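Everything on this sheet refers to the single structure shown next.
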Amino acid sequence: MAEPFYITTAISYPNGRPHIGHAYEAIAADAIARFQRQAGRDVRFQTGTDEHGLKMVQTARERGVDTRALADEMSGHFHDMDNRLNISYDHFIRTVEPDHHEASAALWRAMEAAGDLYLDRYEGWYSVRDEAFYTEAELTETDGVKLSPQGTPVEWTAEETWFFRLSKYEQPLLDHYAANPDFIRPEARRNEVLRFVEGGLTDLSVSRTSFDWGVKVPGSPGHVMYVWVDALANYLTGVDYPARGEAFERYWPADLHLIGKDIVRFHAVYWPAFLMSAGLPLPRQVFGHGFLLHRGEKMSKSLGNVVDPIGLADRYGVDALRYFLLREVSFGQDGSWSAEAIVSRANAELANAFGNLAQRTLSFIAKNLDGALPERGRAADIDGVLIEEVTVACAGFKAAFDDLALNHGIEMWLGGVFACNAYIDAEAPWSLRKTDPERMHAVLRTLVRAIRMLAITILPVVPDAAAKVLDQVGAEDARDHAAVDDDGWYDTLAATDFRIVAPTPVFPRLELPAAEAA
């Protein structure tokens, strides 16, 4: 049986429509999930929406609608975004669903049974926007307004609340970090968490009484769970907790929680502490990616630079957008985007480099060989050299993706594309057609093999376009990692009636919209 791999995104808070940051995380997680499927893993990929909490109540009140109606509407926008961006999720979770309430209550009861919950009164600073509590030492002040570390306003809150004995898990957490150095990645996120925990943990307020839109605390009327207890429990809901049946046994603990760097504390401190309390295994890795900036500037509604990812996909194409975001940004660090950068990167590397390589090779075969696959012809050492270069490029891509160095993997793959373009220019099959047909066949055969290898490798990044290239060369079946190194397919396919037809470009050149070019 295939080895399981459970990957999750953070569940998005839908008090507003999705923005490009949401798209970036979904696309990155999808590329990783597709890559692991190619490796033969049994992947379970979960995403969804986190629909409880005070922000949802306030937004619904401002709009004059029922909170559940707002949740249904806004969650639908995130669902539509995932589908439009070709996100291959296995489960889209909504925290308003009954099975999630059951899982959250079961987690609560397990923590209660461990003696880690107690009733007291909370007085302190709370950020509604972050749905987070902060100590006085963490706050800054601007124009008389106290701000959280994220720059969001905080307000003084006082109410009866259940507390979780987070302080009890300070040393167990530090021990876990020491024993599992890759539990938190990248290194900068790990160091931030270590400093926070080493500074001392205080018990955490985990219920609210000032509103009722959330998961009810078992046996405590008037209390709803702190939204992060509820939200983090979604990862267990996705594997049928608390039933602990086949899905739980197979997929838990999660292999990777992929999240934004601003919520690392919740995932790398609170979440493992909750799980320790409940006697459940901890996830294997939490990866906090960076922010996506617009021309180097953080996006916000006040600046008017929040961008609809579906609009970008409609304008530039889904695969071009996916490629740009994964290629442009050093994964784990902040990155920047602009319309000019998308067009430039997509044209130079997709349309001109890989797209043109496939287009001119396959068009030449369709026109001059009546679409028949090239014969072995007269081989030369340079043919083997190219295949070795492409093999190394594809292996580099795989090694980098295994290590979540996504942009580096694409860079390695691109080296194989550039090698093919240098080869076709040097060997010039269009000239060999009259002077040395046997050599022409060998060159074209080498190119078809290389194009197939490169298309299989880049499938996780540009799934639709790469699949079209593979269809054009007759590689309709095996498209996993093992298929990259399988050369027997060529002779098998050549023995059939397969013909390469004149292809249409799979990576059309993009034009910068007039408004962006001005």
Side-chain angles (χ1 to χ4, degrees), residues 6-13 25 29 44 46-50 52-53 93 95 100 103-112 114 116-117 130-134 150 162-186 189-190 192-198 201-207 214-215 225-239 241-242 248 251-289:
Y6 182 27
I7 177 174
T8 69
T9 67
I11 49 174
S12 301
Y13 203 80
E25 182 170 298
R44 185 170 183 83
Q46 178 167 296
T47 189
T49 45
D50 168 19
H52 293 135
I93 189 170
T95 57
H100 177 68
S104 301
L107 178 64
W108 183 279
R109 292 191 188 98
M111 295 190 295
E112 186 176 39
D116 288 336
L117 297 174
D130 298 344
E131 298 280 11
F133 302 96
Y134 294 105
Q150 308 302 330
W162 285 93
F163 279 84
F164 172 73
R165 298 185 193 278
L166 185 63
S167 57
K168 171 182 171 181
Y169 292 95
E170 181 178 319
Q171 193 57 49
L173 285 169
L174 291 172
D175 292 344
H176 185 75
Y177 303 151
N180 301 273
D182 285 339
F183 176 67
I184 308 166
R185 291 185 62 200
R189 306 288 99 78
R190 172 182 164 80
E192 290 168 8
V193 169
L194 281 173
R195 287 195 299 270
F196 176 73
V197 177
E198 288 169 347
L201 296 178
T202 58
D203 290 353
L204 179 68
S205 171
V206 289
S207 76
V215 178
M225 292 183 195
Y226 173 40
V227 68
W228 276 104
V229 177
D230 156 19
L232 291 163
N234 95 88
Y235 304 127
L236 292 172
T237 307
V239 289
Y241 179 81
F248 183 88
Y251 296 108
W252 193 260
D255 292 271
L256 177 63
H257 290 324
L258 184 63
I259 59 168
K261 68 179 184 179
D262 55 331
I263 55 173
V264 169
R265 179 189 302 184
F266 305 100
H267 286 78
V269 180
Y270 301 166
W271 181 226
F274 296 162
L275 292 170
M276 287 177 179
S277 175
L280 295 171
L282 273 58
R284 294 186 174 91
Q285 188 169 109
V286 174
F287 191 102
H289 63 78

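Computed from heavy atoms alone, side chains included, the values below leave out hydrogens, waters and symmetry copies. From a predicted model like this one, the values you see are computed outputs, not experimental measurements.
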Which atoms form the tightest heavy-atom contact between [X] and [Y], and what is the distance?
| X | Y | answer |
| --- | --- | --- |
| Leu275 | Trp252 | CD1-CZ2, 4.0 Å |
| Leu236 | Leu107 | CD1-CD1, 4.3 Å |
| Ala273 | Tyr169 | CB-CB, 4.0 Å |
| Ser104 | Met225 | O-CE, 3.4 Å |
| Ala231 | Ile11 | O-CD1, 3.7 Å |
| Tyr235 | Thr8 | CE2-OG1, 3.2 Å |

Contacts of Arg284 that satisfy salt bridge (charged side-chain N to carboxylate O under 4.0 Å, His left out) - sequence neighbours left out
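Only Asp255 meet the salt bridge (charged side-chain N to carboxylate O under 4.0 Å, His left out) criterion with Arg284.
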
Excluding sequence neighbours, so at least two apart, what forms salt bridge (charged side-chain N to carboxylate O under 4.0 Å, His left out) with Arg44?
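Not a single residue meets the salt bridge (charged side-chain N to carboxylate O under 4.0 Å, His left out) criterion with Arg44.
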
Please list all pairs meeting salt bridge (charged side-chain N to carboxylate O under 4.0 Å, His left out) that have one or both residues in residues 228-238, counting only residues at least two apart or in different chains.
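Passing the test, one end in residues 228-238: no pairs.
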
Tell me which one of Phe266, Phe274, Trp271 satisfies ring-ring contact (aromatic ring centres under 6.0 Å, His included) with Trp228.
Phe266

Please answer whether the main-chain N or O of [Y] pairs with a side-chain N or O of [X] as donor and acceptor at a distance below 3.5 Å.
| X | Y | answer |
| --- | --- | --- |
| Glu25 | Ala10 | yes |
| Gln46 | Asn234 | yes |
| Asp203 | Ser167 | yes |
| Glu170 | Glu198 | no |
| Arg190 | Tyr177 | yes |
| Thr237 | Ala103 | no |

So [Y] and [X], do their side chains get closer than 4.5 Å, heavy atoms only?
| X | Y | answer |
| --- | --- | --- |
| Leu174 | Leu194 | yes |
| Gln150 | Tyr134 | yes |
| Leu173 | Leu201 | yes |
| Val286 | Arg185 | no |

Would Trp162 and Ser205 satisfy side-chain contact (heavy atoms from CB on, under 4.5 Å), going step by step from the backbone distance to the final call?
CA-CA 6 Å; Trp162 285 93; Ser205 171; over 6 Å; no

Output all residues satisfying side chain to side chain contact (heavy atoms under 4.5 Å, CB included) with Asn180, sequence neighbours left out; order by chain, then residue number.
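Result, side chain to side chain contact (heavy atoms under 4.5 Å, CB included) vs Asn180: His176, Phe183.
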
Run the side chain to side chain contact (heavy atoms under 4.5 Å, CB included) test against Ala110 and tell me which residues pass, sequence neighbours left out.
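In terms of side chain to side chain contact (heavy atoms under 4.5 Å, CB included), with neighbours along the sequence ignored, Ala110 is linked to Tyr241, Ala278.
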
Once rounded to the nearest 0.5 Å, what's the spacing between atom [atom1] of [X] and atom [atom2] of [Y]?
| X | Y | atom1 | atom2 | result |
| --- | --- | --- | --- | --- |
| Leu280 | Met111 | CG | CE | 10.0 Å |
| Thr95 | Leu232 | OG1 | CG | 11.5 Å |
| Arg165 | Ser277 | CZ | OG | 10.0 Å |
| Ile259 | Phe287 | CD1 | CZ | 10.0 Å |
| Phe164 | Ser207 | CZ | OG | 13.5 Å |

One pair to check against side-chain contact (heavy atoms from CB on, under 4.5 Å): Val206 and Phe163. What are the steps and the verdict?
CA-CA 5 Å; Val206 289; Phe163 279 84; 5.7 Å; no

Dump the intermediate steps for side-chain contact (heavy atoms from CB on, under 4.5 Å) on Ile184 and Gln285, then the final yes or no.
CA-CA 6 Å; Ile184 308 166; Gln285 188 169 109; over 6 Å; no

Quick one: side chain to side chain donor-acceptor pair (under 3.5 Å) partners of Thr49, sequence neighbours excluded?
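Testing Thr49 for side chain to side chain donor-acceptor pair (under 3.5 Å), a comparison that skips the adjacent residues, returns Glu51, Ser75.
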
Polar side chain donor-acceptor pair, His257 to Tyr6, under 3.5 angstrom:
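The answer is no; no qualifying pair exists.
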
Take His289 and Lys261, measure what side-chain contact (heavy atoms from CB on, under 4.5 Å) needs, and give me the verdict at the end.
CA-CA 5 Å; His289 63 78; Lys261 68 179 184 179; over 6 Å; no

Look at Arg189 together with Glu192 and state whether they make a salt bridge at an N to O cut-off of under 4.0 Å.
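A salt bridge is present here (some side-chain N lies under 4.0 Å from a carboxylate O).
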
